[in-house]
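Index from 1, following the sequence.
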Amino acid sequence: MTLSFTATVLGSPRIGPNRELKKAVESYWSGKIDAAGLESVAADLRTRNWTELRDAGLDSIPVNTFSYYDHVLDTAAMLGALPDRVAGIDNPLDRYFAAARGNDTVTPLEMTKWFDTNYHYLVPEISPSTTFSLDPSKVLAELEQARALGIPARPVIVGPVTFLLLSKSVGSDAPLLDRVDELLPLYSELLALLAAKGAEWVQLDEPALVADRTAEEIAVASRVYESLSGLENRPAILVASYFGGLGDALPALVATGIEGLAVDLVAGNDTFASVPELSRKHIVAGVVDGRNIWRTDLEKALASASTLLGSAGSLAVSTSCSLLHVPYTLDAETGIDKALRSWLAFGSEKVREVVALGTALTEGRESVEEEFALARAAASTRASDPRLHDAELRSRLASIVESDSGRSPAAQRREAQAALNLPLLPTTTIGSYPQTTQIRVARAALRKGEIDQEEYLSRMRAEIADVVALQEKLDIDVLVHGEPERNDMVQYFAEQLDGFFATANGWVQSYGSRCVRPPILFGDVRRPKPMTTEWITYAQTLTERPVKGMLTGPVTILAWSFVRDDQPLADSANQVALAIREETVDLQNAGVKVVQVDEPALRELLPLRSADQAGYLDWSVGSFRLATSGVADETQIHTHLCYSEFGEVIEAIAKLDADVTSIEAARSHMEVLDDLNAVGFDLGVGPGVYDIHSPRVPGVDEIASSLREALKAVPVERLWVNPDCGLKTRGPAEVEASLRNLVDAAKLVRAEL
């Protein structure tokens with residue numbers, strides 16, 4: 001058995017460099033290809049990925065990181081833990097997708113953020129009736145495919161501790177970790193099967209251990225890995241941690257019989273010298289940032305890895321986490337200026353950095369001196385670039401932050417906003433409407449120069465007119481313009497703000513087949529001109545009803561961008577907040593009476609350790625309030641949050657002080673309302689009653705039932721009626737049917753009051 005390797009990554013993207021998987025999966029959903037056609041695309045993507053990693057110089061390559069939708073859902077399927085409500089679907093692939101996104105009769109699993117990233121995972125539901133059973137077919141098939149290609153394959157599986165800690169208990173208050181002994185025989189059997197198929201290493205991912213964990217939870221992890229490492233028939237075990245340091249879990253894991261441990265030296269700050277058992281382990285040092293796109297300081301990374309040379313039994317270098325979170329390659333970008341390009345490293349560039357560092361450790365730094373010289377030169381030009389140091393902007397921002405006293409008390413604002421004359425249970429949507437074929441054709445034609453700006457403007461106005469007319473027909477109370485001009489709720493603003501660069505092909509997976517292109521925030525941020533006023537004011541001319549101005553908040557713009565790492569996040573957030581503040585004032589001055597500043601990512605950036613959270617919440621709330629405190633009392637400020645564990649930031653949500661907060665609640669069955677009440681929340685709230693991440697159309701009775709449930713927790717004068725999120729990804733027919741039912745349900749419950 002080979003018990004060492006020198007260079008690896010902890011995981012890879014799976015959507016394809018040109019989103020091949022997204023297109024194939026959506027073709028399967030629409031019936032254009034069958035399961036065999038889908039698997040053919042998947043197999044080609046895996047082959048291409050593995051061979052590129054091998055040819056780049058990695059000597060251990062992760063497999064089973066591929067997924068049709070989500071790796072946590074894959075683990076639930078492997079362990080027989082899909083919900084009972086999908087059990088009647090005979091086809092395994094359709095059963096899998098029903099759990100992921102629902103169908104006409106089945107509600108999907110809840111979805112939330114993968115730790116503090118913008119990736120969403122499906123939350124497994126574990127009930128007392130859940131009987132775990134092993135289906136190893138996926139991981140074994142991928143291992144077999146890799147070995148047939150001569151790939152030094154290392155299967156990657158979500159570990160049992162993280163799987164249970166991230167799952168949701170249904171029908172029982174007992175901690176799910178109490179059921180770990182039911183999983184141990186399955187993992188033991190799986191390890192034996194992997195060994196029989198020729199796997200020398202297996203990677204068990206336990207990122208949950210980098211968050212705050214009790215002594216009892218750490219003891220369970222220790223017992224799990226003592227048990228698994230005690231098996232005779234198994235591969236060598238690499239326990240992978242990432243997104244932070246292991247803390248007290250570090251000595252507990254190292255004391256077990258596992259052969260290897262992957263540690264995050266980018267986000268973590270563990271002390272290794274005090275853990276003598278490291279001398280018996282193969283340590284995989286995550287010194288190349290797997291989550292951001294800046295070129296690695298190779299000198300610093302080598303020094304960081306070298307600190308482990310005297311402690312570890314053997315050492316490899318790696319990315320800090322899976323490359324799932326970054327684009328494939330810089331080669332696909334032709335519009336980046338030379339200086340900015342030299343500062344960046346996407347996925348393939350990070351692999352080259354890992355290989356260079358591995359070579360420096362094994363053959364000496366002089367063998368890769370050219371790589372080190374290029375990294376030094378890039379760091380030098382970045383430090384001196386004037387786009388990163390705008391003295392006038394920084395002075396003006398400091399003056400506003402120091403002098404701003406915030407908005408008037410909520411009661412005073414509520415009285416001023418009564419002029420909106422809204423009914424009880426006012427209805428609205430979150431912002432976007434379906435991106436039709438006509439919208440995409442117009443956007444592509446403008447980009448190719450086939451139409452001019454005036455023609456594009458005309459087509460977008462026609463789309464806005466259609467959306468406004470639809471909302472009036474449906475009798476929605478507060479309208480939106482539908483956002484046809486926006487390719488993405490963050491990229492749209494990044495393309496209009498100085499200090500950002502928007503990629504052409506920098507796609508990363510957000511969830512399932514949903515892909516985004518996070519812009520790159522590389523310099524100081526300025527708003528050269530108004531960004532949305534023209535579109536919103538046009539929509540307002542088409543109706544007597546209020547039309548919301550739609551903006552993205554500073555925290556979300558940061559969370560869904562690749563952010564500069566040369567200054568505190570708080571400083572970048574306030575620069576973005578100043579730009580959004582200027583936009584809210586322009587909207588108000590143009591006659592817009594309702595402005596929504598979305599912050600769906602507020603929970604996303606929350607540090608995993610509680611000791612670090614207060615500081616983050618202080619500056620994140622402060623940046624939102626800076627962005628929204630420039631308007632008069634009469635202007636109603638909305639915000640929106642979705643798909644997170646809201647309980648962890650519930651006090652911060654209240655401190656945002658938005659007049660109305662719309663929030664995801666359909667999949668979580670209004671649970672968030674009790675959390676809000678617990679912190680004395682007394683502002684307007686719109687708990688989502690329509691799950692837009694599923695194709696199913698909720699019925700009137702279903703929505704009315706949700707509203708009645710919400711009214712048990714929220715006084716009627718504060719309750720709004722809205723979907724969970726924007727409608728961009730849904731089809732026009734299902735949206736119209738769903739919104740008609742939403743309005744009818746609101747009227748039905750309104751009549752019962």
Side-chain angles (χ1 to χ4, degrees), residues 2-11 53 56-62 152 154 201 203 207 210 236 238-247 250-251 253-254 258-323 326 345 347-376 378-379 565:
T2 301
L3 291 185
S4 65
F5 48 87
T6 61
T8 191
V9 294
L10 297 189
L53 293 178
L58 299 187
D59 53 359
S60 181
I61 294 173
R154 184 181 75 249
W201 281 91
Q203 177 180 320
V210 307
L238 174 71
V239 174
S241 64
Y242 39 87
F243 303 146
L246 283 164
L250 173 63
L253 286 172
V254 174
I258 63 173
E259 285 75 19
L261 183 66
V263 292
D264 185 341
L265 299 185
V266 175
N269 57 359
D270 286 320
T271 301
F272 299 99
S274 60
V275 189
E277 292 88 352
L278 283 176
S279 63
R280 297 183 284 108
K281 307 298 178 185
H282 185 56
I283 302 301
V284 178
V287 291
V288 172
D289 191 347
R291 290 184 53 180
N292 213 334
I293 45 67
W294 302 107
R295 189 174 197 145
T296 300
D297 182 335
L298 294 181
E299 306 273 6
K300 181 180 178 181
L302 182 62
S304 181
S306 297
T307 61
L308 286 164
L309 283 173
S311 304
S314 55
L315 186 65
V317 292
S318 174
T319 50
S320 60
C321 62
S322 171
L323 293 175
V326 296
S348 62
E349 291 78 27
K350 290 181 184 294
V351 172
R352 289 199 291 270
E353 291 177 332
V354 167
V355 172
L357 288 165
T359 303
L361 282 174
T362 57
E363 301 178 19
R365 209 191 86 166
E366 63 279 1
S367 63
V368 285
E369 178 55 36
E370 183 178 352
E371 293 288 338
F372 278 74
L374 289 171
R376 285 194 303 272
D565 59 355

Keeping to residues at least two apart or across chains, list the salt bridge (charged side-chain N to carboxylate O under 4.0 Å, His left out) pairs with something in residues 264-282.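 Sorted result for residues 264-282: empty, none.
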
With a 4.5 Å cut-off on side-chain heavy atoms, are [Y] and [X] touching?
{"X": "D297", "Y": "F372", "result": "no"}
{"X": "N292", "Y": "D289", "result": "yes"}
{"X": "T319", "Y": "V354", "result": "yes"}

For side chain to side chain contact (heavy atoms under 4.5 Å, CB included), just list the numbers for V317 and V288, CA-CA rounded to whole Å, side-chain angles, deciding distance to a tenth of an Å, and then say yes or no. CA-CA 8 Å; V317 292; V288 172; over 6 Å; no

Set of side chain to side chain donor-acceptor pair (under 3.5 Å) partners for [X], sequence neighbours left out:
{"X": "R352", "value": "none"}
{"X": "T6", "value": "D59"}
{"X": "S60", "value": "R154"}
{"X": "R365", "value": "E299, E369"}

Residues in side-chain contact (heavy atoms from CB on, under 4.5 Å) contact with [X], at least two apart in sequence or another chain:
{"X": "A312", "value": "I283"}
{"X": "V326", "value": "I293, L323, K350, F562"}
{"X": "A375", "value": "R295, L298"}

Please give me the minimum heavy-atom distance between [X] and [Y], naming the atom from each residue.
{"X": "A262", "Y": "S241", "answer": "O-OG, 2.8 Å"}
{"X": "P251", "Y": "G247", "answer": "CD-O, 3.5 Å"}
{"X": "S320", "Y": "V266", "answer": "CB-CG2, 3.9 Å"}
{"X": "L315", "Y": "A285", "answer": "CD1-CB, 4.1 Å"}
{"X": "A7", "Y": "V355", "answer": "CB-CA, 4.4 Å"}
{"X": "A236", "Y": "E259", "answer": "CA-OE1, 3.4 Å"}

Would L58 and V9 satisfy side chain to side chain contact (heavy atoms under 4.5 Å, CB included), going step by step from the backbone distance to the final call? CA-CA 8 Å; L58 299 187; V9 294; 4.1 Å; yes

Please identify which of these residues, L238, L10, T8, meets the side-chain contact (heavy atoms from CB on, under 4.5 Å) condition with P62.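 Result for side-chain contact (heavy atoms from CB on, under 4.5 Å) with P62: T8.
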
Side chain to side chain contact (heavy atoms under 4.5 Å, CB included) evaluation trace for F272 with L250: CA-CA 9 Å; F272 299 99; L250 173 63; 3.8 Å; yes

Looking at OH of Y242 and OG of S318, how far apart are the two atoms once the value is rounded to the nearest 0.5 Å?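 Answer rounded to 0.5 Å: 11.0 Å.
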
Return yes if some donor-acceptor pair links the side-chain N/O of E353 with the main-chain N/O of T296 below 3.5 Å, else return no.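 Flag set: sc E353 to bb T296 pair under 3.5 Å.
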
Can a donor-acceptor pair be found between the side chains of S4 and H282 at a distance below 3.5 Å?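 No, because no side-chain N or O of S4 sits under 3.5 Å from a partner of the opposite role on H282.
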
Ignoring hydrogens and angles, write down the donor-acceptor pairs under 3.5 Å from the side chains of residues 301-311, residues two or more places apart or on other chains.
unit_1	atom_1	unit_2	atom_2	d
S306	OG	L302	O	2.6
T307	OG1	S304	O	2.5

Step by step, work out the side chain to side chain contact (heavy atoms under 4.5 Å, CB included) result for F5 and I61. CA-CA 10 Å; F5 48 87; I61 294 173; over 6 Å; no

Could I get the full list of salt bridge (Lys or Arg N to Asp or Glu O under 4.0 Å) partners for R291, not counting sequence neighbours?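 With neighbours one apart ignored, the set is D116.
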
